Every structure is written in C-alpha cells, then in structure tokens.
Amino acid sequence: MSVSSSHCAASRILQIGILGFGPFAQFLSKTMIRQGHILRAASRTDYSTPCAHLGISFFRDVGAFLEAENDVILICTSIVSLSEVLQSLPLHRLERPTLFVDVLSVKEHPRNVLLQVLPEESDVLCTHPMFGPDSGKDGWKDLALMYERVRIRDEAICSSFLQIFESEGCRMLEMSCEEHDRMAARSQFITHTIGRMLSEMEIQSTSINTKGFEALVQLKESTMRDSFDLFSGLFLHNRFAQQELENLELAFQKVKQQLVEKMNKEEQNLNDSKLR
Ligand code: NAP
C-alpha cells in the first residue's frame with residue numbers, strides 16, 4: 001500500500017456518466033457538480049426530477065447514455081446487482097475508449113467483473129471512498145479514498161478523476177483490490193455486522209449513556225441507514241468476510257466462556273465457604 005498524490009497534478013473538467021443514481025451516487029454528485037464537472041446519470045429507477053434539480057441529464061435509455069460523450073463512466077450500483085447491470089449494458093454503443101470507475105465497497109469482485117465484461121480498450125480504475133453521506137456530510141478532508149489503477153492508458157483522465165477527491169483533501173491510498181478486501185473484511189464488514197446486531201437487540205439511548213454506549217447507538221443508527229443490499233454485498237462478494245464472521249462468533253463464545261467460568265468459580269467459592 002502507498003499513500004500518494006495522484007500521478008499528474010493537472011486536472012480538467014470531466015464529463016461523467018453515473019450508472020446507478022442511489023443514495024451514494026447522489027452524495028458524490030453534489031461535490032462533482034460544485035467542482036464544475038458535467039454529469040449524466042442512468043439508473044433502474046426514474047431519477048429525472050432530482051437530476052433536473054441538480055443540473056444532471058437523466059437518461060432512461062442506457063444505450064443513449066453510453067453513446068453520450070462520457071470521459072468517465074462511474075459505476076455506483078449495489079454490489080449484489082453489479083454483474084447483472086454490467087452484463088445487460090449495450091457496450092457496443094460506446095463511441096470511444098472510456099474510463100470505467102467503480103465505487104463499490106468490495107474490490108476484487110468489481111475488478112474481476114469489469115475486466116471480464118468491458119471491451120479491452122476501456123480503462124479501469126477501482127476505488128472505494130471510505131466514507132458516505134453521514135461521515136462525509138461536512139466535507140471529505142482527511143477521509144480516505146482507496147484506489148487501484150487496474151488498467152490505465154489515459155493517464156490524464158485517470159489523474160483528473162482522482163483529483164476530484166484529492167482536491168477535497170482526501171487521503172489517497174493506492175493499494176491492491178485484494179489488500180483492500182482483506183482489510184475491509186476485518187474492519188468495515190465487522191463494523192456493519194456489529195451495528196446490525198445492536199439493531200436486532202433494539203438498543204436505545206438512555207439517560208445514563210456513557211460515551212462508549214453513545215458510540216454504539218451512533219454505530220447502530222449509521223449502519224442501519226445503509227441498505228441491506230450493501231451489507232449483504234460486503235459478505236457475499238468479499239472472499240475474506242466469512243472467516244471474519246466466524247472469528248467474531250468465536251470471539252463472542254470465548255468472552256462468554258470467560259464470564260461463565262468466572263461465575264462458576266464464584267459459586268464454587270461460596271459453596272466451599274458454606275461447608276467450612
Ligand atoms: P446500494 O443499495 O448499495 O445501491 C443502490 C444502487 O444500486 C441504486 O443506484 C440502485 O438503482 C442500484 N440497484 C440496486 N439493485 C439493482 C438492480 N437489480 N438493477 C439495477 N440497479 C440496481 O446503496 P448506495 O449506498 O447508493 O451504494 C451504492 C454503491 O456505493 C454500492 O456499491 C456501495 O457499496 C458503494 N458505497 C456506498 C457508500 C455509502 O456510504 N453508502 C460508501 C462507499 C461506497 P435504483 O436506485 O435505480 O433502483
């Protein structure tokens with residue numbers, strides 16, 4: 001892994017076609033528009049009204065979307081729908097080599113699907129902004145942007161895209177998709193799993209909250225704002241996640257066992273003292 005500035009400082013106004021205009025795409029698009037980039041969008045749902053408010057052209061016809069003069073196609077679909085969405089694209093309607101970028105929260109899966117489905121002349125940049133509408137609501141400064149330059153020939157377009165994040169003050173982390181998935185399974189996936197477990201327990205704020213408990217309530221609330229598609233994608237399409245789920249279960253059993261052993265010992269001591 002390396003912490004780097006993107007490879008070329010010069011940046012230009014990009015024409016960015018966003019595929020999948022759900023919550024995360026809408027969040028990203030606001031910053032891109034503020035920076036002066038020209039945005040188009042296509043999605044399963046009709047987002048023509050919110051797009052019109054944002055000054056984004058919305059395409060109901062994905063073929064026409066691909067034919068537009070996009071420098072970048074930014075894939076913001078759910079993890080679990082990626083294969084289906086990409087396989088249904090009429091890619092023959094692309095009129096020029098285009099940089100495809102994805103922002104999925106797992107990385108080996110989109111890298112593999114993109115390399116399998118896209119024409120050889122398309123460049124591929126895999127990214128994961130390690131923040132979302134909650135954590136990035138007051139700006140992106142010091143928040144991390146992980147990326148792997150999977151297949152890049154047009155350096156200028158790639159650098160200009162990375163500049164979107166760099167110019168907002170993001171920490172730029174270049175690493176392999178595998179390295180990302182290994183770490184994310186032990187960090188982000190565990191965070192979401194614990195947040196969902198706390199929600200199952202229906203934990204609520206109390207009048208005697210400690211700071212630690214407040215953090216747990218906040219964790220529950222922020223993870224539950226993300227879709228179940230997102231959460232299940234972190235598990236289904238990260239090959240390291242299953243092991244981490246097992247580790248979490250083992251850790252729970254171990255901690256429980258320590259408490260039960262302690263309780264049994266206390267009881268034994270009590271009984272012994274009664275006998276004396
Ligand atoms: P999400 O539930 O993961 O994805 C919603 C998007 O997927 C919408 O654009 C939706 O299209 C599309 N979609 C879902 N099922 C589909 C299907 N069967 N066919 C076509 N499109 C489908 O929610 P999200 O938070 O917006 O996340 C989008 C992507 O960004 C995900 O890959 C996620 O891992 C990544 N990401 C999210 C965050 C975050 O904080 N939320 C942070 C970093 C990365 P319609 O709306 O048109 O139905």
Side-chain angles (χ1 to χ4, degrees), residues 16-32 39-51 54 56 58-63 65-66 72-90 100-114 117 125-140 143-148 161 164-165 168 170-173 177 180-181 183-185 187-189 191-193 195-196 218-219 221-238 241:
I16 303 172
I18 301 180
L19 189 60
F21 201 64
F24 192 59
Q26 292 171 36
F27 162 73
L28 288 180
S29 66
K30 287 178 189 131
T31 298
M32 293 177 180
L39 267 51
R40 303 186 176 89
S43 207
R44 175 180 60 169
T45 304
D46 182 359
Y47 288 106
S48 38
T49 306
C51 279
L54 290 164
I56 298 174
F58 185 79
F59 288 70
R60 285 191 194 83
D61 173 4
V62 77
F65 167 80
L66 291 177
V72 177
I73 293 194
L74 182 61
I75 299 161
C76 295
T77 57
S78 65
I79 298 165
V80 288
S81 69
L82 176 79
S83 288
E84 182 194 330
V85 170
L86 281 182
Q87 273 159 16
S88 68
L89 288 180
F100 279 75
V101 183
D102 87 282
V103 294
L104 273 61
S105 309
V106 296
K107 294 276 46 86
E108 288 190 308
H109 173 63
R111 181 202 59 198
N112 296 344
V113 177
L114 287 166
V117 168
L125 174 70
C126 287
T127 76
H128 184 195
M130 306 303 303
F131 52 93
D134 266 359
S135 50
K137 68 176 185 303
D138 298 323
W140 301 357
L143 300 175
L145 185 275
M146 168 275 159
Y147 66 98
E148 180 178 354
F161 182 82
I164 293 172
F165 295 87
E168 295 297 314
C170 286
R171 283 185 297 119
M172 306 298 285
L173 301 175
C177 292
H180 167 279
D181 282 3
M183 276 197 273
S187 54
Q188 189 189 26
F189 171 63
T191 308
H192 280 243
T193 305
R196 292 212 168 240
Q218 213 171 19
L219 170 66
E221 285 167 3
S222 67
T223 48
M224 293 311 288
R225 273 194 283 275
D226 286 327
S227 69
F228 190 78
D229 269 359
L230 195 159
F231 175 56
S232 61
L234 297 179
F235 179 68
L236 295 172
H237 293 290
N238 181 338

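Nothing here was measured: the structure is a model prediction, and the numbers come from that model. Each ligand, and each atom within it, is numbered from 1 in the order the structure gives.
- Across every non-hydrogen atom of L143 and G136, the tightest pair is CD1-CA, 3.9 Å.
- Nearest protein heavy-atom neighbour of atom 27 (O) of ligand 1: F24 CB, 3.7 Å.
- For ligand 1, the atoms sitting less than 4.0 Å from at least one non-hydrogen atom of P133 are 40 (O), numbered in the order shown with element in parentheses.
- The minimum heavy-atom distance between M32 and F161, with the atom names listed, is CE-CE1, 4.2 Å.
- At least one heavy atom of H128 lies less than 4.0 angstrom from ligand 1.
- Pairing each heavy atom of L89 with each of L66, the nearest pair is CB-CD1, 4.3 Å.
- When hydrogens are left out, the protein atom nearest atom 47 (O) of ligand 1 is S43 OG, 2.6 Å; that is the closest non-hydrogen contact.
- For a threshold of 3.5 Å applied to N or O pairs, the pair formed by A25 and ligand 1 contains no separation below that value.
- When all heavy atoms of G20 and A25 are compared, the pair lying nearest together is O-CB, 3.1 Å.
- Near G132, meaning under 4.0 Å from any of its heavy atoms, are these atoms of ligand 1: 40 (O).
- Between F65 and F59, the ring planes are perpendicular. Angles over 60° get that label, and only those under 30° would be called parallel.
- For atom 22 (C) of ligand 1, the nearest non-hydrogen atom of the protein is S81 OG, 3.5 Å.
- A salt bridge does not link R111 to D102: none of the charged nitrogens lies less than 4.0 Å from a carboxylate oxygen.
- The protein heavy atom nearest to atom 41 (N) of ligand 1 is D226 OD1, 3.5 Å.
- Distances from ligand 1 to the non-hydrogen atoms of Y47 include at least one value under 4.0 Å.
- Nearest heavy-atom pair, L230 versus I79, reported as atom, atom and distance to 0.1 Å: O-CD1, 4.0 Å.
- When hydrogens are left out, the protein atom nearest atom 17 (C) of ligand 1 is R44 NH1, 3.4 Å; that is the closest non-hydrogen contact.
- Using modelled atom types and a 3.5 Å distance limit, the side chains of R44 and T77 yield no donor-acceptor pair.
- For D181 (side chain) and E108 (main-chain N/O), a donor-acceptor pair under 3.5 Å exists by modelled atom type.
- At the top of the distance list for atom 31 (C) of ligand 1, counting protein heavy atoms only, stands T77 O, 3.3 Å.
- A donor-acceptor pair under 3.5 Å is absent between the side-chain atoms of T127 and the main chain of M146, judged by distance alone.
- Listed by number with element, the atoms of ligand 1 under 4.0 Å from a non-hydrogen atom of V103 are 30 (O), 35 (C), 36 (N), 44 (C).
- Near F21, with a cut-off below 4.0 Å to any heavy atom, the atoms of ligand 1 are 9 (O).
- For a threshold of 3.5 Å applied to N or O pairs, the pair formed by P23 and ligand 1 contains at least one separation below that value.
- Checking S135, S227, P129, G20 against atom 43 (C) of ligand 1, the nearest heavy atom belongs to P129.
- Contact annotation: for I79 versus ligand 1, heavy atoms closer than 4.0 Å belong to both the backbone and the side chain.
- Nearest heavy atoms, L82 versus P110: CD2-CA, 3.5 Å.
- Ring planes of Y47 and F21: perpendicular class, angle over 60° (limits at 30 and 60°).
- In this structure, atom 20 (C) of ligand 1 lies nearest to the protein heavy atom V85 CG2, 3.4 Å.
- Considering only non-hydrogen protein atoms, atom 34 (O) of ligand 1 sits nearest to S105 OG, 2.6 Å.
- Looking at V80 against ligand 1, nothing comes within 4.0 Å, counting heavy atoms.
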